[in-house]
Amino acid sequence: MFVSLIASSFSTILFCAYDFQQYKENFIKETKQLAKLIGDNNDASVELQQFTPAQRNLNELLNNNTQIVTGVIFDKEQRLFAIYSKTALLQAKDKNNELYDKVILDKDWQISHAEFIPSFSQNNTTFALLENYLDIYVSTFDENGRINTVYLRSDLTSIRERITTYFFMFFLIVGSVLIFVSTLSVPLQRSISKPILELERIANIISKKKDYSIRIKDRRDDEIGLLIDAFNGMLSKIELQNESLIHAKEVAESSAKAKQEFLANMSHEIRTPINGVMGMTDLLQDTKLNEEQKHLLKVLKSSASHLLVVINDILDISKIESGKLSFEEQVIDVKEVTSSIIDAFSIQTNQKGLNTILDISKKVPEKIVGDPVRLKQVLINLYSNAVKFTFDGSIIISVRNKFENDKKVTLQFSVKDTGIGIEKDKIDHIFNSFTQASNETTRKFGGTGLGLSISKQLVELQGGQMYIESTVDLGSTFYFEITFKKYTATVKEVANAASLQKNTTKIKEEPSSKKILLVEDNEVNQMLVLRLLKKWGYVSDLAENGKIALEKLSETDYDLILMDVHMPEMDGYSATKEIRSSFPAAKRDIPIIAMTASALKGEFERCKKAGMNDYISKPFKKDNLLQKVQDYTNSKEPLKSE
């Protein structure tokens with residue numbers, strides 16, 4: 001319809017424009033011929049200065065021409081010789097015929113009553129459509145030169161009427177075409193437009209519903225049919241690809257879920273026996289031992305600690321890759337964190353005869369706000385590497401203030417050693433997962449190759465960066481920068497710190513009348529925790545799973561429950577929910593501390609959601625367990641997780 005409108009309009013406009021040009025040219029040509037005729041007829045009269053014959057001839061030739069409004073004959077001296085004024089003659093005719101007959105030959109009367117008197121010009125043509133006149137000047141010549149010049153002014157009424165006709169023709173033709181096309185489009189729409197509109201409708205439905213099984217069922221043998229077949233074919237391919245993507249997504253989600261379950265199980269199954277090994281080692285160290293036994297226990301505990309580091313590295317890298325690692329915001333004592341690392345490795349550094357130096361700039365704040373566990377983890381990884389690969393010289397931990405404003409401070413930590421160094425072609429890959437400087441390094445010094453990778457990612461996840469400078473046989477320096485929040489102590493925090501210090505000094509192994517229920521299925525951990533509780537003077541009972549724990553709690557009053565979360569028959573989560581919902585108020589509110597070997601993110605939140613008060617991760621330090629037990633058996637108020 002639109003194309004037909006444009007085509008018919010354009011063709012009609014072209015036709016009208018061409019016809020108008022032709023009509024205009026003919027109109028001007030005919031007017032010039034009339035002026036030439038007047039000039040030829042009156043050349044003798046002008047030459048002989050006979051005014052009356054020229055006036056009569058001019059009136060006779062122009063009186064019956066309705067388009068000429070003014071006619072003038074100029075003599076060779078450019079003087080007005082004869083004049084015809086339609087306006088003046090109409091005025092005379094309106095008065096009476098006698099006056100008209102008298103003045104028709106009276107040049108002076110017509111001049112005095114004419115609408116306007118033209119000035120002389122030569123061979124000039126003016127076409128003024130808007131002003132509605134055409135001016136023509138035509139001169140007559142003989143061998144002696146110009147004889148006369150005839151001027152004619154014609155109105156353009158006929159041309160204006162023709163233009164009006166053009167408009168009428170335009171609307172008539174275009175309207176007729178539109179009616180004709182509309183009449184034809186009704187049957188054509190069924191065969192062309194309707195299938196295309198249906199195709200568009202189906203495409204919109206598919207786009208909104210994402211259902212690629214929809215098909216267009218219309219069957220045709222023309223071009224529209226080919227388009228529908230191609231569209232259906234495209235949908236079939238998209239449906240297959242979509243099914244493949246959905247299947248791949250399900251496989252990936254299943255794989256990720258299986259990976260998480262595997263890591264959770266691995267964390268529990270490996271960390272649980274490690275907890276038993278390390279706990280029993282602590283218990284053995286408190287007994288009477290000879291020097292050889294002490295040495296063997298030291299080696300045993302060191303091996304267990306090393307295995308725990310490997311497992312923590314694997315769990316950390318998994319959490320980083322899955323984007324499930326979060327950072328805490330706690331107060332960090334910079335000097336305490338850095339000096340504790342040097343103290344922790346003092347045995348190794350003393351054995352090697354290494355000098356250890358802690359260099360903290362005076363511009364570094366004493367306390368900052370950040371994640372102390374992750375900061376310490378990065379520093380331990382860097383410092384342990386320095387100790388491992390340095391055999392002579394020194395290791396320096398430095399802390400510098402790089403930037404500070406009212407709210408934040410950026411600190412640069414560096415660990416510099418005088419060890420074996422790293423080759424230049426290995427530096428770019430040293431932070432890759434499971435990568436060490438060489439296979440010989442792995443065989444000689446051990447390690448998973450995850451420590452540096454984890455450290456770099458931990459720094460970057462906190463918005464910082466890590467880089468290295470190293471020279472073979474001269475040593476290496478690892479730098480990292482992290483921006484922390486500035487710490488401002490409040491009165492409440494000072495009071496809490498004093499209270500915490502007071503409580504810490506009260507931790508003593510004294511007999512207690514408090515009764516504790518241990519819910520644990522692992523025999524080694526049962527033995528470890530029960531011995532510790534007995535050593536600390538607590539009365540304790542054992543339940544091998546959650547179901548037995550509910551039975552014991554219904555029969556006996558306890559002051560605290562130490563609840564393992566992964567157990568057969570009924571796990572710790574289900575048992576805790578049952579206690580919180582089904583037992584009477586006196587027992588429903590009993591403090592419950594979760595004891596789990598799972599180190600995955602969300603474990604503490606899951607424990608809290610189940611109704612547990614606190615959380616301790618295996619393997620645990622006995623001092624930490626004692627602190628939590630005393631806190632809950634004395635105040636029965638929950639504390640934040642470590």
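Side-chain atoms are counted along with the backbone in the values below, which use heavy atoms only and exclude waters and symmetry mates. Everything numeric in this text was worked out from a predicted model, so none of it was measured.
- Contact check for Ser45 versus Asn57: no side-chain heavy atoms found under the 4.5 Å cut-off.
- Listed for the Arg153 side chain is no donor-acceptor partner under 3.5 Å among the backbone atoms of Val69.
- For Lys486, the side chain to side chain donor-acceptor pair (under 3.5 Å) test picks out Glu404, with sequence neighbours left out.
- Looking only at side-chain heavy atoms (C-beta outward), Val565 and Asp571 stay at 4.5 Å or farther from each other.
- For the pair Lys456 and Phe480, the cation-pi criterion (under 6.0 Å, within 45° of the ring axis) is not fulfilled.
- Proximity of a side-chain donor or acceptor of Gln49 to a complementary backbone N or O of Val46 within less than 3.5 Å is detected.
- Taking 4.5 Å as the limit, some side-chain heavy atom of Lys402 sits within range of a side-chain heavy atom of Glu481.
- Rounded to the nearest 0.5 Å, atoms CG (Leu156) and CG (Asn132) are 5.0 Å apart.
- One finds the CZ atom of Arg162 at 9.5 Å from the CD1 atom of Ile159 (value rounded to the nearest 0.5 Å).
- A donor-acceptor pair under 3.5 Å is absent between the side-chain atoms of Asn148 and the main chain of Phe74, judged by distance alone.
- Relative to the ring axis of Tyr573, Arg606 places its NZ or CZ within 45° and under 6.0 Å from the centre.
- Between Ile136 and Tyr151 the shortest side-chain heavy-atom distance does not fall below 4.5 Å.
- Residues Ile238 and Met234 have side chains in contact (heavy-atom distance under 4.5 Å, counting atoms from C-beta outward).
- When side chains are defined from C-beta on, Tyr137 does not count as touching Thr125, because their heavy atoms never get closer than 4.5 Å.
- Inter-residue side-chain proximity for Thr31 and Leu134 is flagged as met; some heavy-atom pair is nearer than 4.5 Å.
- The CD atom of Glu469 sits 9.5 Å away from the OG atom of Ser414 when rounded to the nearest 0.5 Å.
- When atom types are taken as modelled, the side chain of Asn59 and the backbone of Gln55 share a donor-acceptor pair closer than 3.5 angstrom.
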Residues Lys608, Glu605; criterion salt bridge (charged side-chain N to carboxylate O under 4.0 Å, His left out); working and verdict: CA-CA 5 Å; Lys608 287 178 63 178; Glu605 287 73 13; over 6 Å; no

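- One finds the OH atom of Tyr84 at 4.5 Å from the CG atom of Asn63 (value rounded to the nearest 0.5 Å).
- The backbone N or O of Phe20 lies less than 3.5 Å from a partner atom in the side chain of Tyr166, making a donor-acceptor pair.
- Using a distance-only test at 3.5 Å, with no hydrogens or angles considered, no donor-acceptor pair links the side chain of Ser139 to the main chain of Thr149.
- One N or O on the side chain of Ser8 and one on the backbone of Leu5 form a donor-acceptor pair closer than 3.5 Å.
- Judged by distance alone, the side chains of Ser455 and Gln377 never bring a donor and an acceptor atom under 3.5 Å apart.
- Counting only N and O atoms by type, the side chains of Thr483 and Thr410 include a donor and acceptor under 3.5 Å apart.
- Proximity of Phe327 to Arg374: side-chain heavy atoms (C-beta onward) are separated by under 4.5 Å at one or more points.
- Once rounded to the nearest 0.5 Å, the distance linking CG of Leu411 with CZ of Phe413 reads 5.0 Å.
- Taking OG1 of Thr477 as the reference point, atom CG of Leu382 lies at 11.0 Å (rounded to 0.5 Å).
- Phe141 does not carry Arg146 over the face of its six-membered ring by the limits of under 6.0 Å from the centre and within 45° of the normal.
- Side chain of Thr126 to main chain of Asp135: no donor-acceptor pair is present (N/O by atom type, distance under 3.5 Å, no hydrogens or angles).
- Inspection of the Ser453 and Gln457 side chains reveals an N or O donor paired with an N or O acceptor under 3.5 Å.
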Audit row: Arg160, Asp155, salt bridge (charged side-chain N to carboxylate O under 4.0 Å, His left out) steps and yes/no: CA-CA 10 Å; Arg160 287 174 174 266; Asp155 65 29; over 6 Å; no

